[in-house]
2 protein chains.
Amino acid sequence: MKHPNCPQCPLRRSAVFKQADKAALSFIQKMKTGHQRIPAGHEVIREGDADPRVYTLYSGWAFRYKTLSDGRRQILNFLLPGDLIGFQAQMFDAAPHAVQTLTEAELCVMSRRSIWSLFEASPELAFDATWLTAHEEGVVDDNLLTVGRRNATERIAALLMYLYRRARAIDLLERDALALPITQAHIADALGLSLVHTNKSLRRLHRLNICHFSHGRLVMLDPRAMRTMADYFDSPIAQRPLI
Amino acid sequence: MKHPNCPQCPLRRSAVFKQADKAALSFIQKMKTGHQRIPAGHEVIREGDADPRVYTLYSGWAFRYKTLSDGRRQILNFLLPGDLIGFQAQMFDAAPHAVQTLTEAELCVMSRRSIWSLFEASPELAFDATWLTAHEEGVVDDNLLTVGRRNATERIAALLMYLYRRARAIDLLERDALALPITQAHIADALGLSLVHTNKSLRRLHRLNICHFSHGRLVMLDPRAMRTMADYFDSPIAQRPLI
DNA sequence: CGGCGGCTTGACTAAATTCAAATACCGTGG
DNA sequence: CCACGGTATTTGAATTTAGTCAAGCCGCCG
């Protein structure tokens with residue numbers, strides 16, 4: 001597939017992404033070796049993969065997850081356009097988690113050695129990559145707080161709030177609704193809940209006119225109640241680097 | 001307090017830590033601006049602290065945590081000698097989590113701008129710092145899997161197994177026992193359980209002759225059963241950088 | 001000795017899971 | 001257009017797990 005033109009990348013038009021200077025852009029361009037289209041529901045990285053590639057999600061949704069040997073699955077985080085995929089994995093012997101697409105997705109593929117060259121050639125970009133790693137860690141910290149200390153309804157409110165804000169930041173809203181390409185099973189697996197209980201809690205949020213999610217559409221009916229319910233702190237979404 | 005001598009640091013004698021070359025060592029030495037001793041049970045970093053410092057834990061135990069506004073606390077991870085403290089926080093506006101000591105602890109204090117200088121001056125050390133960040137993220141991923149998808153006994157087994165292995169890696173065992181400076185309340189807060197239920201599960205593990213933890217002493221009675229119970233994967237502990 | 005923090009236990013309650021079954025939605029092929 | 005099959009959602013009931021409340025105990029320190 002044709003190489004994308006990084007300096008012209010439409011993602012960069014979004015205000016969430018930090019401006020990159022000429023040098024950085026040309027370096028990023030050099031790191032990219034291809035562009036890949038993956039259908040919905042496919043694995044981008046398998047748990048345990050040796051030497052997996054590094055990608056940037058260009059379009060579509062995906063998620064990171066881990067499984068226990070008896071099949072129980074825990075979703076660690078959801079991935080949206082602009083997210084780096086497989087960067088942590090590249091630093092170790094094998095991928096510590098799997099990544100699967102939720103929708104058809106386009107990926108920018110990085111050359112295998114680009115990680116190291118990043119550190120050698122560009123302190124700024126190395127810093128950016130580290131920033132993204134630290135940021136991802138922060139998100140998982142938040143999720144751990146959610147799963148460990150919030151009850152079912154609070155968990156759902158916190159997760160939906162988070163996804164809503166992330167999607168809004170990259171202009172993925174249509175009016176007041178959001179097309180969330182996930183099922184209730186994904187919500188359950190992200191929050192450490194059973195599918196049935198997830199459904200019941202979701203219905204409760206709907207009954208209370210707080211939010212409505214079904215068939216992949218999320219509508220925030222009462223954002224304020226949502227925030228209260230989730231004990232959600234509005235850390236202003238920082239500008240993030242795009243590599 | 002007297003500056004420590006990094007090249008002679010006794011921590012570096014442990015086989016878990018990667019060899020650092022002369023240049024790296026001297027740079028690390030330059031970054032260190034002091035050495036600090038903190039009593040047990042004190043906060044090193046408070047949630048929300050603006051511009052917190054970066055430290056390396058030199059001796060003692062600590063833990064990272066977050067709280068909800070009504071006081072519910074979630075421990076994110078435990079910190080042992082060699083761990084970086086506050087590195088992620090330094091990259092953002094404010095510390096996203098707090099850090100508290102479990103024992104008296106000694107900290108190597110880094111100069112405030114050292115993070116950035118690291119990236120500028122030494123690709124190797126920058127890579128190491130990123131590696132540590134990515135590694136920490138991996139641990140939180142594991143914890144999220146534990147809290148989200150394991151039941152109470154499995155959670156406890158997984159946590160104790162993890163702490164045991166970490167402590168062993170830096171030669172903190174005394175015979176087959178480990179001095180774990182935590183209370184059952186810490187275990188509960190790390191695993192998203194109530195104190196009472198934690199106690200009951202711990203007693204069950206003891207009754208089954210799998211492990212025994214009380215008064216800060218952990219004895220592994222049946223490591224194999226422990227592993228099975230926790231569905232624990234023995235990823236060989238990699239050599240890690242020490243900054 | 002008294003007090004305090006941490007551990008232990010039992011009884012009760014609440015939350016979440018499991019099981020089971022019905023219903024709605026969506027794309028395919030007749 | 002409708003029937004069909006598969007996936008996703010919804011609901012109720014029974015069960016299990018974990019949380020809450022309350023009290024007693026243990027060990028240590030002043």
Side-chain angles (χ1 to χ4, degrees), chain A residues 39-42 68 70-75 100-104 146-160 179-208 211-219 229, chain B residues 39-42 68 70-75 100 102-103 146-160 179-208 211-219 229:
Chain A
H42 276 236
L68 292 175
D70 64 2
R72 283 176 282 178
R73 176 175 78 167
Q74 178 65 41
I75 293 183
Q100 188 177 324
T101 54
L102 286 163
T103 62
E104 181 182 67
T146 295
V147 173
R149 287 298 176 215
R150 287 189 239 246
N151 66 29
T153 357
E154 292 169 347
R155 289 186 212 185
I156 293 179
L159 175 62
L160 294 182
L180 259 189
I182 62 179
T183 67
Q184 297 187 1
H186 290 115
I187 299 182
D189 282 351
L191 297 176
L193 295 170
S194 70
L195 176 56
V196 173
H197 195 58
T198 300
N199 177 273
K200 284 171 180 169
S201 309
L202 223 27
R203 304 251 67 222
R204 196 156 89 86
L205 285 172
H206 188 194
R207 191 159 9 94
L208 296 172
C211 70
H212 179 60
F213 172 73
S214 72
H215 306 289
R217 286 184 61 79
L218 170 66
V219 185
M229 171 130 284
Chain B
H42 276 238
L68 292 176
D70 63 2
R72 282 176 281 179
R73 175 175 80 166
Q74 177 65 41
I75 294 183
Q100 188 178 322
L102 285 163
T103 62
T146 294
V147 173
R149 286 298 176 216
R150 287 190 239 246
N151 65 31
T153 358
E154 293 169 345
R155 287 185 213 186
I156 292 180
L159 175 63
L160 294 182
L180 259 190
I182 62 178
T183 67
Q184 297 186 2
H186 291 114
I187 299 183
D189 281 352
L191 297 176
L193 295 170
S194 71
L195 176 55
V196 174
H197 196 59
T198 300
N199 178 273
K200 284 171 181 171
S201 309
L202 223 27
R203 306 251 65 222
R204 196 155 89 86
L205 285 172
H206 188 195
R207 190 160 8 93
L208 297 171
C211 70
H212 179 59
F213 173 72
S214 72
H215 304 288
R217 286 184 62 77
L218 170 66
V219 185
M229 172 130 285

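Just so it is clear: chains get the letters A, B, ... in the order the sequence lines come, proteins before strands, and each one is counted from 1. On a predicted model such as this, the values are computed, not experimentally measured, just so you know.
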Visitor: When the distance from CZ of A/Arg149 to P of C/dA16 is rounded to whole Å, what number comes out?
Guide: 13 Å
Visitor: Can you tell which of C/dT9, C/dA16, D/dT10 lies closest to the side chain of A/Asn199?
Guide: D/dT10
Visitor: Over how many whole Å does the gap from B/Glu154 atom CD to D/dT17 atom P extend?
Guide: 11 Å
Visitor: In whole Å, what is the span from the CG atom of A/Leu195 to the C1' atom of D/dT7?
Guide: 11 Å
Visitor: Could you go step by step and tell me if A/Leu102 and A/Ile182 meet the side chain to side chain contact (heavy atoms under 4.5 Å, CB included) rule?
Guide: CA-CA 7 Å; A/Leu102 286 163; A/Ile182 62 179; 3.6 Å; yes
Visitor: How far does OG of B/Ser214 sit from CG of B/Leu180, to the nearest 0.5 angstrom?
Guide: 11.5 Å
Visitor: Any side-chain N or O of B/Arg203 below 4.0 angstrom from OP1/OP2 of C/dT9?
Guide: yes
Visitor: Is any side-chain nitrogen or oxygen of A/Gln184 closer than 4.0 Å to OP1 or OP2 of D/dT7?
Guide: no
Visitor: Taking any heavy-atom pair under 4.0 Å as a contact, classify A/Thr183: base, sugar-phosphate, or nothing.
Guide: sugar-phosphate
Visitor: Taking the side chain of B/Lys200 as its heavy atoms from C-beta onward, which of D/dT20, C/dC19, C/dC7 lies nearest to it?
Guide: D/dT20
Visitor: Do B/Met229 and B/Arg150 pass the side chain to side chain contact (heavy atoms under 4.5 Å, CB included) test, and can you show the C-alpha distance, the side-chain angles, and the key distance before you say yes or no?
Guide: CA-CA 10 Å; B/Met229 172 130 285; B/Arg150 287 190 239 246; over 6 Å; no
Visitor: In whole angstroms, how far is the P atom of D/dA8 from the CZ atom of A/Arg217?
Guide: 19 Å
Visitor: Take the protein atom CZ of B/Arg204 and the nucleotide atom P of C/dT9, then report the distance between them rounded to whole Å.
Guide: 14 Å
Visitor: Using a cut-off of 4.0 Å on non-hydrogen atoms, how would the nucleic acid contact of A/Gly216 be classed: base, sugar-phosphate, or nothing?
Guide: nothing
Visitor: As a test of reading the structure: which of C/dC25, C/dA16, C/dT18 is closest to the side chain of A/Leu193, going by heavy atoms?
Guide: C/dA16
Visitor: Without decimals, in angstroms, what is the distance between B/Ile156 CD1 and C/dC7 C1'?
Guide: 14 Å
Visitor: Have a look at B/Cys211 and tell me which of B/Ile156, B/Val219, B/Leu205 forms a side chain to side chain contact (heavy atoms under 4.5 Å, CB included) with it.
Guide: B/Leu205
Visitor: For side chain to side chain contact (heavy atoms under 4.5 Å, CB included), just list the numbers for B/Leu68 and B/Gln74, CA-CA rounded to whole Å, side-chain angles, deciding distance to a tenth of an Å, and then say yes or no.
Guide: CA-CA 8 Å; B/Leu68 292 176; B/Gln74 177 65 41; over 6 Å; no
Visitor: Please give, in whole Å, the distance from D/dG12 C1' to A/His197 NE2?
Guide: 15 Å
Visitor: If you assign A/Gly192 and B/Ile182 each to the DNA chain C nucleotide with the nearest heavy atom, which residue ends up on the more 5' nucleotide?
Guide: B/Ile182
Visitor: Could you pick out which residue, A/Phe213 or B/His215, lies toward the 5' side of DNA chain D when each is mapped onto its nearest nucleotide?
Guide: A/Phe213
Visitor: For A/His186 and D/dT7, give me the distance from atom NE2 to atom C1', rounded to whole Å.
Guide: 12 Å
Visitor: What contact category does A/Gly41 fall into here, base, sugar-phosphate, or nothing, at under 4.0 angstrom with non-hydrogen atoms?
Guide: nothing
